[in-house]
Amino acid sequence: YKAELEEKTKIIKQIEISENSMLVRDVAKIASKNGIKIGEKKLYNILREWGLIFKNDTIPKQIYIDRGYFEVTEGTKEIKNKTFLYKTTKVTGKGQLYIIKRLLKEFK
């Protein structure tokens with residue numbers, strides 16, 4: 001039990017010092033490396049269940065952006081002379097900490 005606790009503490013410390021926001025897919029990879037078998041799609045579904053992300057979308061609710069858990073970057077892409085707007089959801093260090101801690105609690 002002590003070794004497991006030390007491992008969890010190590011994960012949390014690793015996330016705390018990471019100042020980079022990352023894609024949900026990368027948060028899922030971190031969780032998987034640390035014993036929580038989860039992929040990007042399953043993590044998105046869990047975030048929707050928790051109410052952090054809108055149903056049938058990948059965009060977080062404004063309240064969780066305001067709390068500093070997520071950031072949404074926007075950009076444009078040109079395909080065949082048409083310009084498209086895209087949005088990318090990224091999880092901040094604070095959001096990563098929240099998600100990983102909650103996953104560890106729920107998937108013991």
Side-chain angles (χ1 to χ4, degrees):
Y1 180 75
K2 189 179 178 191
E4 188 181 319
L5 194 63
E6 285 175 6
E7 186 63 31
K8 288 178 183 178
T9 305
K10 193 175 94 178
I11 299 163
I12 290 166
K13 290 277 183 242
Q14 194 179 340
I15 293 167
E16 274 180 329
I17 54 175
S18 163
E19 294 175 14
N20 296 346
S21 294
M22 58 177 55
L23 297 170
V24 171
R25 147 183 346 128
D26 297 324
V27 176
K29 285 178 187 172
I30 289 173
S32 289
K33 281 183 189 170
N34 293 289
I36 303 165
K37 296 294 176 221
I38 195 166
E40 179 182 11
K41 287 181 181 180
K42 188 172 179 185
L43 182 54
Y44 264 118
N45 287 334
I46 289 170
L47 295 176
R48 288 184 193 106
E49 280 175 31
W50 291 348
L52 277 76
I53 294 202
F54 287 105
K55 293 200 182 306
N56 305 320
D57 205 346
T58 58
I59 302 298
K61 293 182 178 177
Q62 187 62 46
I63 186 171
Y64 298 105
I65 294 172
D66 294 344
R67 285 185 185 172
Y69 293 167
F70 298 97
E71 58 188 28
V72 178
T73 55
E74 294 183 356
T76 55
K77 188 185 275 186
E78 197 170 312
I79 302 170
K80 296 183 182 176
N81 297 327
K82 290 185 180 177
T83 304
F84 296 93
L85 180 68
Y86 66 88
K87 293 182 180 188
T88 304
T89 297
K90 291 191 176 182
V91 185
T92 64
K94 184 178 178 182
Q96 293 164 42
L97 199 57
Y98 175 80
I99 291 166
I100 295 292
K101 278 183 174 178
R102 194 158 168 190
L103 286 171
L104 286 169
K105 200 186 303 178
E106 290 190 19
F107 291 89
K108 280 184 182 173

Quiz item: So do the side chains of Thr73 and Lys87 get within less than 4.5 Å of each other, counting heavy atoms only?
Solution: no

Quiz item: Taking C-beta and beyond as the side chain, do Arg102 and Ile46 meet within less than 4.5 Å on heavy atoms?
Solution: no

Practice problem: State, to 0.1 Å, how close Trp50 and Ile99 come at their nearest heavy-atom pair, and which atoms those are. | Solution: CH2-O, 4.1 Å

Quiz item: Looking only at atom types and distance, does a side-chain atom of Glu40 sit under 3.5 Å from a main-chain N or O of Val24, one as donor and one as acceptor?
Solution: no

Quiz item: For the side chain of Thr89 and the backbone of Thr58, is there at least one donor-acceptor N/O pair under 3.5 Å apart?
Solution: yes

Exercise. Please check if the side chain of Lys94 supplies one atom and the backbone of Arg67 the other of a donor-acceptor pair under 3.5 Å.
Key: yes

Quiz item: Relative to the ring of Tyr98, is the ring of Tyr69 parallel (under 30°), tilted (30 to 60°) or perpendicular (over 60°)?
Solution: parallel

Self-check item: Any donor-acceptor N/O pair, Ser32 side chain to Ile38 backbone, under 3.5 Å
Solution: yes

Quiz item: Is there a side-chain contact between Pro60 and Leu52 (heavy atoms, below 4.5 Å)?
Solution: no

Quiz item: Under 4.5 Å between any side-chain heavy atoms of Ile65 and Gln62, yes or no?
Solution: yes

Practice problem: Answer whether the closest heavy-atom distance between the side chains of Asp26 and Val91 falls below 4.5 Å. | Solution: no

Practice problem: Give a yes or no on whether the backbone of Phe84 and the side-chain of Thr76 come within a donor-acceptor separation of less than 3.5 Å. | Solution: no

